[in-house]
Amino acid sequence: MAATLPDIATALIHHPYRAPAGFDAPQPGVFKASTVFFPSVAAMRQTEWKDKTGYTYGLHGTPTTYLLEERLCTLEGGLQCVLSPSGLAAIANLSLALLRSGDEVLIPDNAYGPSKALAAAELKSWGISHRFYDPLDPQDLAASISPATRLVWLEAPGSVTMEFPDLPALVRVCQARGVWTALDNTWGAGLAFAPFDLTPGSNPSLAVDFSVQALTKYPSGGGDVLMGSVITRDPALHMAVKLTHMRLGLGVGVNDVETILRSLPSIELRYRAHDEAARELARWCQSRTEFVQVLHPALAGSPGHDAWRSLCKPGPGGAAGLFSVMVDPRFSQAQVDAFCDQLKLFKLGYSWGGPVSLVVPYDMGSLRTGWPVALKPGRVVRFSIGLEAVADLKLDLAQALNSALA
Ligand SMILES: *Cc1c(COP(=O)(O)O)cnc(C)c1O
């Protein structure tokens, strides 16, 4: 008797039921896999994952990761995308795909700090050298390129100090010298300007070779997930990144992909709201005597404002929700720290792009190789504007200023 009953474990593992095809709903299904099944040995040997025509292993892609990759390509105007477990991992993926011992990479002096640290410690130990250039001076970039230079990083605007570079001019310098360009496009998010269409209307339009984003920021929009992307329009460059990605094992968690797929449809609305609020608060900060300079590329007089104006959408959605202030040097660092501590709605925390406004006081000495000429002396504080009511944020800034910087 018992021998004719199916074993319950086997029956549950090899259950024959298949749900009918054709299910459709606002959110796409989430496919989880390390192992992927093949119908035959022949299929196992032949299946090609590199061009998204099939599946071989979770690390190489699932329907869920392919979907996010394709949507991000649409966002940024690219053709191919590789996802990594964080923005910094995407930067590392690209660097290790392109650079070999003896090569040199150039990095803007106002680049995202951990990106500089990657070059200074990890890349250096692989025999890859780096140099910092002044992103506001294309001549300085041209003079910094050596026969060993293979890759130039671009960032618009710079982290913390928010100087907006003349991206088309920098890309032209690199193209004239046959050097790859990689843009950290986390701030622009594919919305403020198009990284593969920097000179709209000209044919062909000027484009960077790579656009990298920390999806951790606006695509996530929640402050609750880390991910990064490398987007290209050149199949050979894409394949270099894809193969290094596979060899380094930089797989992403599908639950995290799902989180970003959930947020992506609202990115344009959120980005516009962050932008409008940040511009209003930045202008308000300009009226405060505690601040000697407000660093926001959409404000006239901010470093690189003309470059911002010629590249980015003029109206709402042409800038991210970030700005920095230079606090008058008559205030001590302890007073500036007290101002940050005194804020109630603004939380102390790194990263940005979520609903909660954030503040970080930075030490310029550790950020830059020298004091940038475009910046007045002072102590720098960066704000990331969330989605709270602007009037409430203004009141919060005012009470903290009045109590800590009186
Ligand atoms: C946050 C950020 C990164 C890194 O993203 P993570 O996901 O935190 O690793 C890279 N570049 C810029 C400009 C960023 O703001």
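Read the numbers this way: they start at 1 and go in the same order the structure lists the ligands and their atoms.
- Near T216, the atoms of ligand 1 lying under 4.0 angstrom from a non-hydrogen atom of the residue are 6 (P), 7 (O).
- The nearest protein atom to atom 6 (P) of ligand 1, hydrogens excluded, is given as G87 N, 3.3 Å; this is a heavy-atom distance.
- Taking the six-membered ring where tryptophan is involved, the planes of F383 and F323 are tilted, since the angle between them lies from 30° to 60°.
- Within the structure, the salt bridge (charged side-chain N to carboxylate O under 4.0 Å, His left out) test picks out the following pairs touching residues 106-135 (sequence neighbours left out): E104-R131, D109-K116, D109-R368.
- Proximity of I107 to Y133: side-chain heavy atoms (C-beta onward) are nowhere separated by under 4.5 Å.
- Atoms of ligand 1 lying under 4.0 Å from any heavy atom of E155, numbered from 1 in the order shown and given with element: 13 (C).
- Ring-centre distance between F339 and F346: not below the 6.0 Å cut-off.
- Screening L67, L75, T74 for a side-chain contact (heavy atoms from CB on, under 4.5 Å) involving R71 leaves a single residue, L67.
- Each of the atoms 1 (C), 2 (C), 3 (C), 14 (C), 15 (O) of ligand 1 lies under 4.0 Å from some heavy atom of K217.
- The six-membered or imidazole ring of F132 lies away from that of W153, with a centre-to-centre distance of 6.0 Å or more.
- Of all protein heavy atoms, the one closest to atom 5 (O) of ligand 1 is A214 CB, 3.1 Å.
- Of the candidates L322, L226, V160, it is L226 that places a heavy atom closest to atom 8 (O) of ligand 1.
- Taking the centre of each ring, W352 and Y218 come in below the 6.0 Å mark.
- At least one heavy atom of W352 sits under 4.0 Å from some atom of ligand 1.
- Counting protein heavy atoms only, atom 9 (O) of ligand 1 is closest to L88 N, 2.8 Å.
- For atom 12 (C) of ligand 1, the closest non-hydrogen atom on the protein side is D184 OD2, 3.4 Å.
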